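In what follows, a structure is listed as structure tokens, so that the remarks can point back to it.
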Amino acid sequence: MLPSGLRTMMEDGSVKRVTAFQQRVYEAVTRIPRGCVSTYGLVARQIGCAAPRAVGQALKANPYAPEVPCHRVISSRFEIGGFQGATAGAAVRRKLDLLDREGVRFISGRLVDKRRVFKF
DNA sequence: AACTAAGTGAAGT
DNA sequence: ACTTCACTTAGTT
């Protein structure tokens with residue numbers, strides 16, 4: 001059971017439960033500008049968390065897409081990372097497409113221009 | 001107790 | 001430079 005202050009009513013009437021940790025993750029990710037990316041590790045460091053995997057878990061549960069641009073978070077080795085619960089397949093291709101539309105390119109699974117990494 | 005959308009370093013190819 | 005592999009991390013269920 002979660003604290004009662006951490007509920008969010010969605011437009012369709014459903015209620016999503018968002019933990020304090022998730023709110024910290026979403027707040028940080030919202031600051032990543034269009035055309036840039038960050039990494040799970042950098043987001044974790046930014047919010048004072050030592051476990052980047054926990055950031056991935058929070059983004060997987062992101063109820064605020066696309067307002068919280070979770071597609072702009074990739075792995076520290078400049079690989080694409082996951083999207084909508086998948087680490088491969090159609091969902092990840094959509095993530096690549098979203099980034100491509102913002103001018104962020106990947107070649108053979110790796111981010112081309114490392115200057116696009118937003119350092120907070 | 002088990003499971004992660006990860007990170008790191010080490011060792012192999 | 002690339003690919004595994006083992007180990008670690010901490011938040012959620």
Side-chain angles (χ1 to χ4, degrees):
Chain A
M1 201 47 185
L2 293 165
S4 56
L6 301 173
R7 295 154 172 274
T8 300
M9 182 68 80
M10 306 309 281
E11 289 192 9
D12 65 358
S14 66
V15 176
K16 297 276 183 183
R17 291 134 100 58
V18 176
T19 66
F21 175 77
Q22 286 171 327
Q23 293 201 340
R24 262 183 281 143
V25 171
Y26 302 150
E27 192 277 325
V29 169
T30 304
R31 282 185 264 152
I32 303 171
R34 199 186 140 82
C36 290
V37 290
S38 191
T39 75
Y40 302 100
L42 287 174
V43 172
R45 187 216 294 170
Q46 183 66 18
I47 65 174
C49 167
R53 300 190 74 152
V55 172
Q57 258 191 175
L59 292 180
K60 176 182 175 183
N62 175 17
Y64 308 115
E67 189 175 324
V68 173
C70 53
H71 65 280
R72 296 189 189 136
V73 186
I74 66 174
S75 89
S76 72
R77 290 178 171 169
F78 307 113
E79 289 153 7
I80 188 62
F83 197 54
Q84 294 173 346
T87 54
V92 170
R93 283 195 294 281
R94 279 198 300 281
K95 179 175 180 178
L96 285 167
D97 187 58
L98 286 170
L99 290 172
D100 189 77
R101 277 189 244 164
E102 301 184 359
V104 182
R105 301 294 166 73
F106 285 72
I107 290 181
S108 50
R110 289 273 229 62
L111 174 68
V112 175
D113 185 0
K114 295 173 186 171
R115 294 173 304 179
R116 289 188 176 277
V117 177
F118 180 58
K119 301 281 191 2
F120 289 95

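Quick caveat: nothing in here was measured; it's all calculated off a predicted structure. By convention in this document, chain letters (A, B, ...) are assigned in the order of the sequence lines, proteins followed by strands, and residues within each chain are numbered from 1.
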Exercise. Could you check which of dG11(C), dA5(B), dT9(C) has an atom nearest any side-chain atom of Thr87(A)?
Key: dA5(B)
Self-check item: Donor-acceptor contact below 3.5 Å, side chain Arg116(A) vs main chain Cys36(A)
Solution: no
Quiz prompt | Carboxylate-amine/guanidinium contact Asp97(A) Arg101(A), below 4.0 Å | solution = yes
Quiz item: For the side chain of Ser75(A), counting heavy atoms from C-beta on, which of dG7(B), dA5(B), dG11(C) is nearest?
Solution: dG7(B)
Quiz item: Between dT8(B) and Ser76(A), is there an OP1 or OP2 to side-chain N/O distance shorter than 4.0 Å?
Solution: yes
Practice problem: Determine the Euclidean distance between corresponding C1' atoms of dT8(C) and dT4(B); express it in Å to zero decimal places. | Solution: 14 Å
Exercise. Send over the distance from Phe21(A) CZ to dT9(C) P, rounded to a whole Å.
Key: 16 Å
Practice problem: Indicate, with a heavy-atom threshold strictly under 4.0 Å, whether Gly81(A) touches base, sugar-phosphate, or nothing. | Solution: nothing
Report, one line per pair, each donor and acceptor closer than 3.5 Å where one atom sits in a side chain of residues 44-65 of chain A; sequence neighbours left out.
residue: Asn62(A); atom: OD1; partner: Tyr64(A); partner atom: N; Å: 2.8
residue: Asn62(A); atom: ND2; partner: Val68(A); partner atom: O; Å: 3.1
residue: Tyr64(A); atom: OH; partner: Thr8(A); partner atom: OG1; Å: 2.8

Practice problem: Figure out the CZ/P separation between Arg93(A) and dA5(B), and round it to whole Å. | Solution: 18 Å
Quiz item: Taking atom CD of Glu67(A) as the centre, does the number of heavy atoms from other residues, nucleotides or ligands within less than 6.0 Å exceed 12?
Solution: no
Quiz item: Whole Å only: how far is the CZ atom of Arg53(A) from the P atom of dG7(B)?
Solution: 10 Å
Quiz item: Taking atom P of dG11(C) as reference, at what distance in whole Å does atom OH of Tyr26(A) sit?
Solution: 14 Å
Quiz prompt | Between dG7(B) (P) and Tyr40(A) (OH): distance, integer Å | solution = 8 Å
Quiz item: Hey, is the side chain of Arg77(A) poking within less than 4.0 Å of OP1 or OP2 on dC2(C), counting only N and O atoms?
Solution: no
Quiz item: So what does the secondary structure string of DNA chain B come out as, 5' to 3', with Watson-Crick or wobble pairs under 3.5 angstrom, [ ] for crossing and | for pairs with another strand?
Solution: ||||.||||||||
Quiz item: Are any non-hydrogen side-chain atoms of Pro69(A) and Val29(A) less than 4.5 angstrom apart?
Solution: yes
Quiz prompt | Minimum side-chain heavy-atom gap Val112(A)-Phe78(A) below 4.5 Å | solution = no
Quiz prompt | Whole-Å gap separating P (dA6(B)) and CD (Glu79(A)) | solution = 10 Å
Quiz item: Okay, side chain of Gln22(A), backbone of Thr19(A): is any donor-acceptor separation there less than 3.5 Å?
Solution: yes
Quiz item: What is the distance from CD of Gln84(A) to P of dA5(B), rounded to the nearest Å?
Solution: 13 Å
Practice problem: Look at Thr19(A) and dT12(C) and indicate whether a side-chain polar atom (N or O) is within less than 4.0 Å of OP1 or OP2. | Solution: yes
Practice problem: Tell me what Arg110(A) touches on the nucleic acid: a base, only sugar-phosphate, or nothing, going by heavy atoms under 4.0 Å. | Solution: sugar-phosphate
Self-check item: Rounded distance in Å - CD (Gln22(A)) to P (dT13(C))
Solution: 7 Å
